[in-house]
Q: 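Below is a structure I'd like to ask you about.
The analysis underlying the following values was restricted to heavy atoms, covering all of them including side chains, and did not include hydrogens, waters or symmetry mates.
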Amino acid sequence: METLRQELAATAARLVVEEGLDYGSAKRRAQKLLGAPARTALPDNDAVESEVRAYIDLFHADTQPGELQALRQLALTWMQRLAAFRPHIQGAVWNGTATRRSDIHLQLYCDDPKSAEIALIDRGVRYDVRPAPGGPGPAADVLSFSTPCPELGEAIGIHLMIQDYDALRGALKPGADGRPRQGDATALAARLQDEACA
């Protein structure tokens with residue numbers, strides 16, 4: 001059973017890196033691809049992330065650092081544009097496992113949930129709105145749009161999860177591994193600086 005879970009994590013990791021799937025979708029697709037029974041216990045996200053890092057090291061070590069830097073720079077640009085909404089970045093671009101197939105995920109902590117939409121409209125950004133997925137803390141909507149990334153020569157998806165301002169305190173707590181689950185623009189800029197010095 002443990003071997004199957006490892007195979008599921010490795011297959012899901014390949015789907016995350018090569019097709020840009022989120023962890024949940026990748027695990028479910030891996031389950032189907034491997035013909036695992038519907039009630040099979042799927043690997044947790046930490047196991048998938050570990051396999052993603054291993055896959056990147058094996059197959060994309062030459063290209064991934066540059067792609068990550070381009071995505072982080074694009075994310076920082078949008079965080080600065082949306083500074084009034086206390087943006088925090090999370091996901092693959094934040095944790096360092098992003099490739100050119102990855103989207104940027106930002107949390108916006110707003111006093112008024114509609115103010116972020118108005119800011120996008122004022123900037124002439126065309127976006128889609130969908131309900132936020134279930135998760136910790138109350139969330140209103142996710143605003144999604146694509147924006148050019150000149151360094152990568154393609155458009156990148158950006159997803160803004162609208163959170164109530166009061167949810168910001170809980171967001172700053174570290175994950176189970178002690179690492180921050182998300183960071184503000186200053187923290188992201190520091191990671192970019194570390195990459196430039198490496």
Q: If I take atom CG from residue L74 and atom CD1 from residue I104, how far apart are they, to the nearest 0.5 angstrom?
A: 4.0 Å

Q: Do you see a donor-acceptor pair shorter than 3.5 Å between the side chains of E151 and Q73?
A: no

Q: Answer yes or no on whether R179 is positioned over the face of W94, meaning its NZ or CZ is under 6.0 Å from the six-membered ring centre and within 45° of the axis.
A: no

Q: Shortest non-hydrogen contact from Q64 to T97?
A: NE2-C, 3.9 Å

Q: Verify the cluster assignment for I56 and L152: are they in a single hydrophobic cluster under the rule of side-chain heavy atoms below 4.5 Å apart?
A: no

Q: Using modelled atom types and a 3.5 Å cut-off, is there a donor and acceptor pairing between side-chain atoms of S115 and backbone atoms of D112?
A: yes

Q: Taking all atoms of both residues into account, what is the closest heavy-atom pair of L8 and P43, and its distance?
A: CB-CD, 3.8 Å

Q: If I take atom CD from residue Q107 and atom CZ from residue R181, how far apart are they, to the nearest 0.5 angstrom?
A: 9.5 Å

Q: Within the structure provided, determine whether Q31 and T40 are in side-chain contact (heavy-atom separation under 4.5 Å).
A: yes

Q: Quick one: do L21 and Y55 end up in the same hydrophobic cluster if we chain Ile, Leu, Val, Met, Phe, Trp and Tyr together by side-chain heavy atoms under 4.5 Å apart?
A: no

Q: Once you round to the nearest 0.5 Å, how far does CG of D128 lie from CZ of F145?
A: 11.0 Å

Q: I'd like to know if L68 and L192 are part of one continuous hydrophobic network [Ile/Leu/Val/Met/Phe/Trp/Tyr, side-chain heavy atoms within less than 4.5 Å].
A: no

Q: Has the side chain of S102 got a donor or acceptor atom that lies under 3.5 Å from a matching backbone atom of T99?
A: yes

Q: Search all heavy atoms of L71 against all heavy atoms of A98 and return the closest pair with its distance.
A: CD1-CB, 3.8 Å

Q: Could you please spell out the steps behind the side chain to side chain contact (heavy atoms under 4.5 Å, CB included) verdict for R14 and L33?
A: CA-CA 12 Å; R14 179 178 57 79; L33 287 172; 4.1 Å; yes

Q: For A36 and L4, which heavy atoms make the closest approach, and how far apart are they?
A: CB-CD2, 4.2 Å

Q: Working note: N45 + K27, criterion side chain to side chain contact (heavy atoms under 4.5 Å, CB included); need CA distance, chi angles, decisive distance, verdict.
A: CA-CA 9 Å; N45 287 349; K27 287 188 281 188; 2.8 Å; yes

Q: Which pair of heavy atoms, one from D141 and one from P131, lies closest together, and at what distance?
A: OD1-CA, 4.0 Å

Q: When rounded to the nearest 0.5 angstrom, what distance separates CD1 in I89 from CD1 in I158?
A: 9.0 Å

Q: Is there a side-chain contact between W78 and T147 in this structure, where contact means two heavy atoms from C-beta onward sitting under 4.5 Å apart?
A: yes

Q: In terms of hydrophobic clustering (I, L, V, M, F, W, Y; side-chain heavy atoms under 4.5 Å; direct or indirect links), are I121 and L82 co-clustered?
A: yes

Q: Between R72 and L188, is a side chain to side chain contact (heavy atoms under 4.5 Å, CB included) present by the stated rule, with each step listed?
A: CA-CA 7 Å; R72 283 182 167 172; L188 182 59; 3.8 Å; yes

Q: Are any non-hydrogen side-chain atoms of V16 and Y23 less than 4.5 angstrom apart?
A: yes

Q: I'd like to know if E19 pairs up with R29 as an ion pair, taking the criterion as any Lys NZ or Arg NE/NH1/NH2 lying under 4.0 Å from an Asp or Glu carboxylate oxygen.
A: yes

Q: How far does CD1 of I162 sit from SG of C110, to the nearest 0.5 angstrom?
A: 4.5 Å

Q: So, H60 and E18: side-chain donor and acceptor under 3.5 Å apart, yes or no?
A: yes

Q: Just wondering, do M161 and Q163 contact through their side chains at under 4.5 Å, heavy atoms?
A: yes

Q: Salt bridge (Lys or Arg N to Asp or Glu O under 4.0 Å) with D46: which residues, sequence neighbours excluded?
A: none

Q: Where the side chain of R191 meets the backbone of A187, is there a donor-acceptor pair that is under 3.5 Å apart?
A: no

Q: Classify the ring geometry of H88 against Y109: parallel below 30°, tilted from 30° to 60°, perpendicular beyond 60°.
A: perpendicular

Q: Does the side chain of R130 come within less than 4.5 Å of S144's, by heavy atoms?
A: yes

Q: Tell me, do M79 and L106 make a side-chain contact under 4.5 Å, heavy atoms counted?
A: yes

Q: For a salt bridge (charged side-chain N to carboxylate O under 4.0 Å, His left out) with R86, tell me which candidate from D111, D164, D166, D184 qualifies.
A: D111

Q: Kindly work out whether a path of hydrophobic side-chain contacts (I/L/V/M/F/W/Y, heavy atoms less than 4.5 Å apart) joins I118 to L143.
A: no

Q: So how far is it from D44 CG to E49 CD, rounded to the nearest 0.5 Å?
A: 10.5 Å

Q: Where do V52 and A13 come nearest, in terms of heavy atoms and distance?
A: N-CB, 3.5 Å

Q: So do E117 and V129 actually touch side chain to side chain, heavy atoms under 4.5 Å?
A: yes

Q: Does either side chain, that of Q69 or that of E195, offer a donor lying less than 3.5 Å from an acceptor on the other one?
A: no

Q: Would you indicate whether the side-chain heavy atoms of Q182 and N95 approach each other to under 4.5 Å?
A: no

